[in-house]
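This report refers to the structure that appears directly beneath it.
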There are 2 protein chains.
Amino acid sequence: MVKAADRAKNPARSSVWLEKRATRGGGGPAGLDRDRIVAASIRMLDEEGLSKLSMRKLATELGVTAMSLYWYVDTKDDILEYAMDSVYGEIDLAAVDAAADWRDRIRLLALDYRRMLVRHGWMSPSAGQYLNIGPNAIAVGQKIHDTVAETGLSLDRRPSAMSAVFQFVYGYGTIESQFGRRAAEAGMSQDEFYVDSVNAFRDDPDLTEQVEGLKEILDERTSHDSLSVIWDRDFGYALDVLIAGIEVMVAREAEAPDGTRK
Amino acid sequence: MVKAADRAKNPARSSVWLEKRATRGGGGPAGLDRDRIVAASIRMLDEEGLSKLSMRKLATELGVTAMSLYWYVDTKDDILEYAMDSVYGEIDLAAVDAAADWRDRIRLLALDYRRMLVRHGWMSPSAGQYLNIGPNAIAVGQKIHDTVAETGLSLDRRPSAMSAVFQFVYGYGTIESQFGRRAAEAGMSQDEFYVDSVNAFRDDPDLTEQVEGLKEILDERTSHDSLSVIWDRDFGYALDVLIAGIEVMVAREAEAPDGTRK
DNA sequence: AGAGCTCTTGTACGGTGTACGAGACCTGGT
DNA sequence: ACCAGGTCTCGTACACCGTACAAGAGCTCT
């Protein structure tokens with residue numbers, strides 16, 4: 001077991017997944033174990049949000065004192081890393097295998113990834129902060145990697161294609177989920193919250209002056225469909241763009257193979 | 001002026017930019033003003049990172065007590081919002097206007113945006129959390145919007161094209177900057193840190209077993225070029241994919257205009 | 001001189017993560 | 001039966017955080 005203070009001294013090894021550690025078993029008086037701790041954290045994170053999770057509250061939820069948790073875990077960050085990897089397990093890799101070709105596979109992966117980010121609003125901020133090399137996260141990465149390989153793109157182009165697609169999904173899911181979180185905090189539906197925000201904008205002379213023209217677009221967008229429809233549609237369109245782009249790059253490589261490419 | 005407790009009661013209005021507030025002037029004994037506070041925060045954030053910035057430390061840096069800051073600002077979050085918008089100002093919009101066509105404009109905007117995220121590692125986590133509707137952020141948004149309009153893409157496709165490009169940049173910049181931050185914390189160069197991480201991977205039998213094949217790719221990638229070259233190249237390739245994708249969508253719309261599109 | 005505004009400070013409250021040491025419980029060896 | 005040693009839980013304490021509140025300092029205007 002590694003104390004938090006020691007962990008900080010060697011940040012290169014600062015992921016739970018890079019420490020060889022014994023899983024400490026849960027036969028104790030309180031019936032605690034790491035799985036129960038992680039499951040409870042996920043529940044609380046989903047309900048209350050990242051900033052509201054504290055060791056003391058989590059412990060209370062489990063009928064235990066804060067310091068008991070430290071028997072199973074070195075730091076609070078560890079709990080978050082475990083929780084994140086557990087959530088990565090929600091991505092249905094079997095369904096991806098069943099898809100017809102790489103285009104559908106990318107769409108499925110992207111959609112599932114996005115859903116995961118939106119369902120668990122604390123994931124986006126956390127995912128940017130930790131290494132994400134737990135077993136489930138790696139399985140997802142591997143699947144993404146294999147899928148991109150199927151496109152026929154040359155080896156040195158694959159990482160950028162992966163980036164283009166999945167960093168987009170990360171960014172999109174982040175915005176979408178933060179928007180949902182804000183709406184929820186304000187006690188409104190997303191549509192109400194959107195209208196409210198646009199109005200706040202319109203009431204501010206400095207802002208409306210600067211973005212003249214933008215307001216009409218905002219209005220137009222929600223006049224026909226609800227926000228959730230728009231989120232889905234925009235996401236689908238963006239994936240169209242990305243897939244079309246990959247196809248073009250593959251075709252260009254076929255025309256001018258290896259090195260002869262300008 | 002709005003107390004933090006009151007602000008929390010109405011989260012829909014929870015951005016500095018949506019409060020009409022007087023800028024309180026800095027003729028006081030300590031020579032403080034909001035610009036000085038924001039500038040100092042940015043300096044400290046760049047040097048020490050988001051988690052290390054506290055009101056007490058910031059105040060000490062300015063030769064003042066923590067509570068003095070609250071004369072100019074309602075909450076710590078306000079400072080972050082101001083700092084973020086100030087940093088958005090680093091994106092050189094004039095240079096974008098000088099570019100030849102929308103392709104170059106997108107490239108320039110994307111590159112500048114990415115550079116900003118990497119230079120200020122605290123931006124990514126913060127940007128996901130606040131509304132980002134300060135004057136500079138809005139000017140950038142407007143420019144992005146205008147640029148996408150130039151592509152000729154139909155109105156309802158534009159938001160998704162904007163998303164595809166700039167959410168990708170956000171995600172990419174986030175990863176790149178977090179990687180840099182971790183390397184710096186470990187006291188290594190990025191290349192050293194990368195080799196070190198890959199080795200940590202290789203030493204872990206569970207991981208290497210699972211991602212068999214991945215290791216070779218990782219090795220191959222850094223055997224020729226340094227990481228910073230790879231970051232640049234992958235980013236450029238990904239933009240190629242995105243721009244090619246947009247071109248395809250524009251062409252498809254030209255073939256099968258309005259509504260006749262399946 | 002005194003009123004009033006602008007700005008700064010000291011003190012205090014309720015929270016946080018977690019280090020440390022004392023104890024409770026169970027198990028196996030004698 | 002006893003006790004040593006591991007496994008697990010807890011109480012206390014420390015340093016730090018954001019910030020509410022009220023008292024005061026300094027300046028300007030009447």
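Only a predicted model underlies this, so the values are computations on that prediction, with no experimental measurement involved. So you know, we letter chains A, B, ... as the sequences are listed, proteins then strands, and number each from 1. Every heavy atom of this structure was used, including side-chain atoms; hydrogens, water molecules and symmetry mates were not.
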Side-chain donor-acceptor pair present, B:Ser15, B:Glu81, cut-off under 3.5 Å: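 Note: B:Ser15 and B:Glu81 side chains meet the donor-acceptor criterion.
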Qualifying ring-ring contact (aromatic ring centres under 6.0 Å, His included) pairs with a residue from residues 32-90 of chain B, counting only residues at least two apart or across chains: B:Trp17-B:Tyr82
Parallel, tilted or perpendicular, as decided by the 30° and 60° cut-offs, for the rings of A:Phe179 and A:Phe193: perpendicular
Residues that A:Glu90 engages under side chain to side chain donor-acceptor pair (under 3.5 Å), provided they are two or more places apart: A:Arg119, A:His120
Listed partners of B:Gln178 passing side chain to side chain donor-acceptor pair (under 3.5 Å), at least two apart: B:Arg181
Protein-nucleotide distance ([X], atom [atom1]; [N], atom [atom2]), rounded to Å:
X       : N      : atom1 : atom2 : value
B:Asp78 : D:dT19 : CG    : C1'   : 13 Å
A:Tyr70 : C:dG21 : OH    : P     : 17 Å
B:Leu58 : D:dC16 : CG    : P     : 17 Å
A:Ile79 : C:dT16 : CD1   : P     : 14 Å

Residues, nucleotides or ligands: over 12 heavy atoms within 6.0 Å of B:Lys57 NZ: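 Atom NZ in B:Lys57 is crowded, with more than 12 foreign heavy atoms closer than 6.0 Å.
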Separation of B:Trp122 CH2 from B:Glu47 CD (nearest 0.5 Å):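 CH2 of B:Trp122 is found 12.5 Å from CD of B:Glu47.
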Residues in contact with DNA chain D, drawn from residues 45-57 of chain B - heavy-atom cutoff 4.0 Å: B:Leu53, B:Ser54, B:Met55, B:Arg56, B:Lys57
With A:Ile175 via side chain to side chain contact (heavy atoms under 4.5 Å, CB included) - residues at least two apart: A:Trp231, B:Gln167
Sequence-aligned protein contact record of nucleotides 3-10 of chain C, with B where the base is within under 4.0 Å of a protein heavy atom and S where only the sugar-phosphate is: ---SBBBB
